[in-house]
Structures are given as C-alpha cells and as structure tokens.
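Taking it in order: structure first as structure tokens, then the write-up.
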Number of protein chains: 2
Amino acid sequence: MSTNFTERTIEYDKLLADFKALLKEKALKFTNQREKILETLYYSQEHLTPEALHQLIKEKYPELNAGIATIYRTLSMLEENDIVSSLSFGAQGKKYELGAKDHHDHMICTKCHEITEFVDEVIETQQHKIADAHGFKMQDHSMQIYGICKKCQENS
Amino acid sequence: MSTNFTERTIEYDKLLADFKALLKEKALKFTNQREKILETLYYSQEHLTPEALHQLIKEKYPELNAGIATIYRTLSMLEENDIVSSLSFGAQGKKYELGAKDHHDHMICTKCHEITEFVDEVIETQQHKIADAHGFKMQDHSMQIYGICKKCQENS
DNA sequence: GTCGCTGCAAAGTCTTTGCAGAGAG
DNA sequence: CTCTCTGCAAAGACTTTGCAGCGAC
C-alpha cells in the first residue's frame, strides 16, 4: 500500500542542535522562550494555533511568563527558516507544526477538527507531473481532505 | 492526458436563475447588491478577496454604494449555499471563487500570486482511496501546488 | 405593510509593532 | 558591553455585529 502514517523521524536533540546552529549562523540568540516554543511544538504531536501554543507554555512554564507576541515572532522566524510550517484551515486561523518531518498531507475532521497526517506516493508523483505539464516550477504543495473521522462517525 | 484546464461550464443566466431559486426557497431577497456580487464573481475570471471584490463593484457601480459589510455577509451566505468556495492561501487571507464549476485544484505562483486551476483524475481517484483506507468519510478536499509559473520563469 | 437587507460605525478578533528594560554572547 | 529579545500595551488589519432606515415581495 502506498498510503501510511508518517513517523517522527528526528530526535529532539538533533532538532535542537540544528536550531542552535541556525541561530548562531544568523547571529540570533538562543533564549529560554525560543527553546520552550520549539520543545512544545516537538512534544505536542499536534498542529497548534499560536494561542494554543501560548496556553501550553504558560501552563508548563508559568515562571517563564512568555508573551503572545513572542510566540508570534518566534513562529514567524521558525517558518521563515523552514523549521515549522503553517496550515490555514478555513476560518479557524493558522495552525503550526514542525516542518522538519517528512513531507505529508492532511486529513481534517470537520467535526472534531483533528488533523491526521498521511503520505501518498501516487499523489506526490502525480503532482510533479501536473506541474511539469503546465510549465510550472513546483516549490511546494499541500493537500487537505475534509470529512468526518472514524472516531466521530462512531460517536454519532 | 488526464490533466487539463477546466472551462466555465455554466452560463451566467443559468447561474442567476439558480441563485434566484435558492433565494426564493430560503425566503431571502434578491437585491441589487447580491446580483452585482454574483455577476462580478462570475465575470472576473479570478479568485477575489472580499476587499478586491468590493473595489471592483465600487468602480463598476459607484451609484450602488455597496458597503464592505454587505460583501462579507453575501460571501458568507454564498459559501454556505455552496455557490462560492473560499481558498485561504498563506498569510494573504481568503480568496473566493464561484464554486459551481467543476471541481478543480489550484496551482499558485509564489511570485505573481496568480492562481491557475486544474483537474486531475488520478488525484481525484487517489484521494477517495486514501480517505477510505483511513476510515475517513470524505466531504471535500483541496490541493494547492506552489511554485513559479511559466510567465514568471520567462521574465527572469 | 412586513420583514429581510443595507450602509454606517462601532466592536471584535487576530496579529504586528514601538519601546524601554532584561539578558545572551 | 553590545545588540538582540522580551513583555507590555498600543496600533493595525481584517471581519462581524447592532441599529435605524430602505426596499423587495
């Protein structure tokens, strides 16, 4: 079968080391806030809104007293450097996830809003064919399937 | 070849008649503003932001003096009734297009922001297979390919 | 006439920015 | 020490809502 769930392929230590290297290269600073944001994104196996991420960090590290502005600033910085990627999903706003994983697409439940990731080789290949056929130089792509997840179908 | 551009398959008259029928069915009113919004969406072969749509209507029908709030209200109403669909594309906000056309996906130029539509049967079929394989009841889906369009490649 | 629709302006969201002090290198 | 980061609060962008008058039916 060509469809299956992705697995997290990097260790946190590696991710952190890469992050530090990036900061050094760009003469940016490694701060407590930045570390906790990266860590929280890594360990929450979810797609988080800036707001949700802020809540998680406030709960886990109340003494850090991280402001929402820092979350936004850090997420933008991480996105620019391809460490996270964002997914905007209808009216609900943007959600972020670590982007260092294998490429994957998303299946979004319209009932519980849970996002499931998947990879499909047929689709990956076909996308390249389509771009080529239109003389389009593909840089990236994203696909979302909307519907009702298994769990929600069972609970109704 | 299974990939090709879609063509606009409905005549404006038919669209308008359907729209009137819908309004009647829901006891909603057929107003000048609503007509112009539908018309503008139809004739501008583009994906429009609420703001852009507002501008177009102000230019073409200044005497109508349509307010931005009406544009938003009408677009929401049209989206609920599956007459238009929205596409949110990165930080740039939502864009709307008539949804009564055949289903299609989008190729978005990251340079000129132009959106090209395409339909691909392989992808359509594969999406159903993926959803089935995960016990997911598919309702809708969307796919975007990001890259540099032919025109922009030539101009650089 | 009735009741939904509209424009206006005010109120909400969500996100970004200016600033002065804190802190990493 | 220097120069970036941060929290705070204010400002912005975008969208929604309340209201009183207007207009479709």
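Convention: sequence-line order gives letters A, B, ...; per-chain numbering from 1. Please read all numbers here as calculations on a predicted model, not as lab measurements.
Remark: side-chain polar atoms of N81(B) are not paired, donor with acceptor, to backbone N or O of I83(B) under 3.5 angstrom.
Across the protein-nucleic acid pair, K95(A) atom NZ and dC14(C) atom P stand 13 Å apart, rounded to whole Å. E63(B) has its CD atom 17 Å from the C1' atom of dC22(D), to the nearest Å. For the pair I37(B) CD1 and dT6(C) P, the interatomic distance rounds to 7 Å; values are reported in whole Å. Between the CD atom of E25(A) and the P atom of dG25(C) there is a distance of 16 Å, given to the nearest Å. When rounded to the nearest whole Å, the span between NZ of K94(A) and C1' of dC14(D) equals 14 Å. Distance Y72(B) OH to dT17(D) C1': 14 Å, rounded to the nearest Å. In this structure, CG of L75(B) is placed 12 Å from P of dT6(C), rounded to the nearest angstrom. Per the geometry, NZ belonging to K36(A) stands 16 Å off C1' belonging to dG23(C), to the nearest Å.
Residue pairs meeting the salt bridge (charged side-chain N to carboxylate O under 4.0 Å, His left out) criterion with at least one partner in residues 147-156 of chain A, sequence neighbours excluded, are E114(A)-K151(A).
The side-chain hydrogen bond (donor to acceptor under 3.5 Å, both in side chains) test applied to S142(A) returns Q144(A), Q144(B), not counting sequence neighbours. With sequence neighbours excluded, the residues forming a side chain to side chain contact (heavy atoms under 4.5 Å, CB included) with Q139(A) are T110(B), I148(B), listed by chain and number. With sequence neighbours excluded, the residues satisfying side chain to side chain contact (heavy atoms under 4.5 Å, CB included) with E39(A) are Y12(A), K36(A), Y43(A), K60(A), Y61(A). For Q55(B), the side chain to side chain contact (heavy atoms under 4.5 Å, CB included) partners are E51(B), K58(B), E59(B), not counting sequence neighbours. Under the rule for a side chain to side chain contact (heavy atoms under 4.5 Å, CB included), the partners of T31(B) that lie at least two apart in sequence or sit in another chain are K29(B), Q33(B), R34(B). Listed by chain and residue number, H47(A), H104(A) satisfy the ring-ring contact (aromatic ring centres under 6.0 Å, His included) test with H106(A) (two or more places apart in sequence, or in another chain).
Residues M143(A) and H141(B) fail the side-chain proximity criterion, which asks for heavy atoms closer than 4.5 Å.
For the helix from dG1(C)-dC25(D) to dG25(C)-dC1(D), the rotation axes defined at the first and last 5 base pairs enclose an angle of 40°, given to the nearest 10°.
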Under a 4.0 Å heavy-atom criterion, the protein footprint on nucleotides 4-9 of chain D, written with B, S and -, is SSBBB-

